[in-house]
Amino acid sequence: MENYYLKIKEHRMQSNYSPEFIAIQMEMSVKNYKNIEKGIVDLKLSKLDRLVKILGIKESEIFKMEN
């Protein structure tokens, strides 16, 4: 399974959002957000809910397996 943090970055880039924009929307530092995309920091469920709303996707899209 592809790592969820790579999917987050992929969806962010498809939406043409910068890491800075997402960090501001999530009320966190840019460094912490970038660490989520790198898989260094685990994403809490409450932050995941907020992130998918910002990206305009469903949680299942992040965890969906590719065939």
Side-chain angles (χ1 to χ4, degrees):
M1 181 175 133
E2 188 175 353
N3 296 316
Y4 73 90
Y5 53 88
L6 295 175
K7 293 258 185 153
I8 290 170
K9 184 175 183 176
E10 179 181 305
H11 283 288
R12 176 185 58 78
M13 292 175 72
Q14 287 175 354
S15 298
N16 292 319
Y17 291 141
S18 69
E20 293 79 11
F21 173 80
I22 299 293
I24 290 168
Q25 297 301 308
M26 293 186 66
E27 299 177 351
M28 64 174 27
S29 71
V30 175
K31 181 179 178 180
N32 281 346
Y33 177 73
K34 286 183 177 183
N35 284 339
I36 289 171
E37 284 191 355
K38 292 177 185 175
I40 296 171
V41 174
D42 286 331
L43 186 61
K44 294 181 181 178
L45 190 55
S46 60
K47 293 286 186 184
L48 176 63
D49 287 340
R50 192 173 200 167
L51 180 57
V52 296
K53 287 177 184 171
I54 294 166
L55 295 174
I57 60 174
K58 297 178 183 178
E59 286 181 24
S60 60
E61 291 183 53
I62 291 176
F63 299 105
K64 181 172 44 176
M65 294 181 69
E66 299 294 326
N67 292 332

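These numbers were taken from a predicted model, which means no experiment stands behind them.
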Beyond-backbone contact of K34 with K9, side-chain heavy atoms, under 4.5 angstrom = no
Can you tell me if K47 uses its side chain to pair, donor with acceptor, with the backbone of M26 under 3.5 Å?
-> yes
If I take atom [atom1] from residue [X] and atom [atom2] from residue [Y], how far apart are they, to the nearest 0.5 angstrom?
{"X": "K58", "Y": "H11", "atom1": "NZ", "atom2": "NE2", "value": "12.0 Å"}
{"X": "L48", "Y": "D42", "atom1": "CG", "atom2": "CG", "value": "11.5 Å"}
{"X": "L43", "Y": "Y4", "atom1": "CG", "atom2": "OH", "value": "6.0 Å"}
{"X": "L55", "Y": "I22", "atom1": "CG", "atom2": "CD1", "value": "5.0 Å"}
{"X": "E10", "Y": "I62", "atom1": "CD", "atom2": "CD1", "value": "10.5 Å"}

Any idea which heavy atoms bring R12 and Y33 closest together, and the distance?
-> CD-OH, 3.6 Å
In the single-linkage hydrophobic clustering (I, L, V, M, F, W, Y; side-chain heavy atoms under 4.5 Å), do [X] and [Y] co-cluster?
{"X": "M13", "Y": "L6", "result": "no"}
{"X": "I24", "Y": "Y17", "result": "no"}
{"X": "I40", "Y": "I8", "result": "yes"}

Is there a side chain to side chain contact (heavy atoms under 4.5 Å, CB included) between F21 and I54 once you walk through the steps?
-> CA-CA 10 Å; F21 173 80; I54 294 166; 4.3 Å; yes
For E59 and L45, what are the C-alpha separation, side-chain angles and deciding distance, and is it a side chain to side chain contact (heavy atoms under 4.5 Å, CB included)?
-> CA-CA 10 Å; E59 286 181 24; L45 190 55; 4.3 Å; yes
